[in-house]
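Let me begin by presenting the structure, written as structure tokens, before commenting on it.
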Amino acid sequence: MEAVLNFTTTCLPTPRHLSSTHSSLLPFNLSFRESRRKFSPKQASVLRVFASSQAAAPDSSTTVAIPSQMKAWVYGDYGGIDVLKFDTSVSVPEVKEDQVLIKVAAAALNPVDAKRRQGKFKATDSPLPTVPGYDVAGVVVKVGSQVKELKEGDEVYGNINEKALDGPKQFGSFAEYTAVEEKLLALKPKNLNFFQAAGLPLAIETAYEGLERTGFSVGKSILVLGGAGGVGSLVIQLAKQVFGASRVATTASTGKLELVKSLGADLAIDYTKENFEDLGEKFDVIYDAVGQCDKAVKAVKEGGSVVALTGAVTPPGFRFVVTSNGEVLQKLNPYLESGKVKPLVDPKGPFPFSQVVEAFSYIETGRATGKVVIHPIP
């Protein structure tokens, strides 16, 4: 995901305000203990589309003793998956006035995690070494002096980096603890467990902001390219359930056609057998999550919009980078709690904390279905 927009959401009723002040990056102190253990990839066989919690949450009412050091995955150089190292003595991050400290229960991978590790936006990245991870779900164990709403024991989720490509935190979510601004978080939906919630924040915020940026509204049609992916699966659901789309079409491989239909797609196009741009149907909006903007512009109506998350952009396509916003999550929580919008976790997961390297390898194949989640942590 690359490029250029901050956007304020206005389409849905505003929930309670989570106010805070943006803080600077935290000091980072860790020692590397390189682990060369090899782990076997975890296998599973059933696609997981979740409507309600099936895993018991830990007791969040118990006071947690916060250590000075924690386990985390780190990298001190940019590169391939071999730069990832498991460290047992990373300093627990300090909490700024507008932040809370989260005991991490689950985290999720996004394509931006791999691009960051590869050094694709090193010019705007925070200094190395880095604990990766944007998405988090867990329990608040400490609050800063300026925190207004959240309290110790709250179960929360969110995308910890307000600007995905501009100085993301050195202390990410692939650790036992992470410090996050209150304004970037929301209470976890009551019906979801931690690993279901962890897969949502960056993807659902990206899906929502992209739709909002196009001016999508009741009665419009949309084509989603890559409807079985982390963002695409949520674009389908939000377009239908939140924005009131009249028609939702999507592309998917043969084995995932029934899945995308179950998410709300009216038309599922098998991209292994058909070219969507040759079908003759035009759409008000095309949401391209796979990098086919040059083809997408052939299937958009005159005056329509094409969102291009990756690959080259062909006018009238546009690209944006999501801005993390806890209020968006709060606005969407009722749709998640009612089951109208469901998280989709890849069947190979959740990956245990010991298999973060395998999880990175898997997401970099581009073949994940829904989100790649890490759970439990540690």
Side-chain angles (χ1 to χ4, degrees), residues 1 7 9 11-12 47-52 106 108-113 134-137 157-159 164 186 188-189 191-192 195-214 216 220 222-245 247-252 256 259-266 268 285-290 307-310 320-347 349 363 366 368-373:
M1 289 185 222
F7 203 81
T9 54
C11 291
L12 299 172
L47 291 176
R48 301 182 178 192
V49 183
F50 295 99
S52 61
L109 268 171
N110 295 279
V112 69
D113 288 293
Y134 285 65
D135 285 331
V136 69
Y157 74 130
N159 167 11
K188 180 180 69 65
N191 61 317
L192 302 184
F195 77 78
Q196 294 163 358
L200 286 167
L202 192 150
I204 203 167
E205 288 171 342
T206 301
Y208 185 82
E209 185 173 329
L211 287 167
E212 194 177 51
R213 181 65 181 88
T214 68
F216 199 76
K220 290 188 176 182
I222 186 170
L223 169 63
V224 183
L225 303 184
V231 173
S233 62
L234 289 163
V235 174
I236 292 171
Q237 296 182 77
L238 296 186
K240 182 64 72 76
Q241 299 295 338
V242 179
F243 288 84
R247 182 166 171 79
V248 177
T250 189
T251 60
K256 298 177 182 179
L259 169 65
V260 295
K261 288 179 183 177
S262 75
L263 297 175
D266 302 299
V285 170
I286 299 182
Y287 205 119
D288 175 18
V290 297
V307 182
L309 292 187
T310 187
F320 75 100
V321 170
V322 66
T323 298
S324 178
N325 185 347
E327 289 190 354
V328 171
L329 300 179
Q330 288 280 24
K331 292 174 183 179
L332 295 175
N333 271 357
Y335 295 92
L336 292 161
E337 292 181 337
S338 69
K340 291 181 178 179
V341 176
K342 306 173 181 66
L344 177 61
V345 175
D346 187 272
I363 198 170
T369 300
K371 291 304 297 291
V372 176
V373 176

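Of the possible donor and acceptor atoms, one in the side chain of S324 sits under 3.5 Å from a partner among the backbone N and O of N159. Distance alone, capped at 3.5 Å, places no donor-acceptor pair between the T369 side chain and the A228 backbone.
For the pairing with V248, the side chain to side chain contact (heavy atoms under 4.5 Å, CB included) check across I222, L223, V260 returns one residue only, I222. Exactly one of L225, L309, I236 qualifies for a side chain to side chain contact (heavy atoms under 4.5 Å, CB included) with Y287. That residue is L309. Of the residues listed (L234, N110, D346, V231), the one engaging K371 in a side chain to side chain contact (heavy atoms under 4.5 Å, CB included) is N110, and it is the only one.
The aromatic rings of F243 and F216 sit perpendicular to each other, their planes meeting at more than 60°, with 30° as the lower class boundary.
The CG atom of D113 sits 8.0 Å away from atom CG of L202, with the distance rounded to the nearest 0.5 Å. With rounding to the nearest 0.5 Å, the separation of CG in N325 from CD in E209 is 8.5 Å. Between the CZ atom of R247 and the NZ atom of K240 there is a distance of 9.5 Å, given to the nearest 0.5 Å. Atoms NZ and CG, from K342 and L192 in turn, are 11.0 Å apart once rounded to the nearest 0.5 Å. S262 OG to Q237 CD: the interatomic distance, rounded to the nearest 0.5 Å, is 8.0 Å.
The two atoms that bring S233 and L263 nearest to each other are CB-CD1, 3.7 Å, heavy atoms only. Heavy-atom minimum distance, G158 versus P201: C-CB, 3.3 Å. Smallest separation of non-hydrogen atoms from Q241 and K340: CG-O, 3.3 Å. When all heavy atoms of T250 and G227 are compared, the closest pair comes out as OG1-CA, 3.1 Å. Between T310 and A289, the shortest heavy-atom distance links the atoms CG2-O, 4.0 Å. Between A186 and G326, the closest heavy-atom pair is CB-O, 3.7 Å.
With a 4.5 Å cut-off on side-chain heavy atoms, L336 and L329 do not count as touching. Contact check for E205 versus L200: no side-chain heavy atoms found under the 4.5 Å cut-off. In this structure the side chain of L259 reaches within 4.5 angstrom of the side chain of L344, judged on heavy atoms. D135 places none of its side-chain heavy atoms less than 4.5 Å from the side chain of Y157. Side-chain contact between L238 and L332 is present, with at least one heavy-atom pair separated by less than 4.5 Å. Counting only heavy atoms from C-beta outward, the side chains of V322 and Y208 never approach each other to under 4.5 Å.
A donor atom on one side chain and an acceptor atom on the other are not found under 3.5 Å apart for K188 and N333.
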Fill in: Worked verdict on V290 versus D288 for side-chain contact (heavy atoms from CB on, under 4.5 Å)
CA-CA 6 Å; V290 297; D288 175 18; 3.3 Å; yes
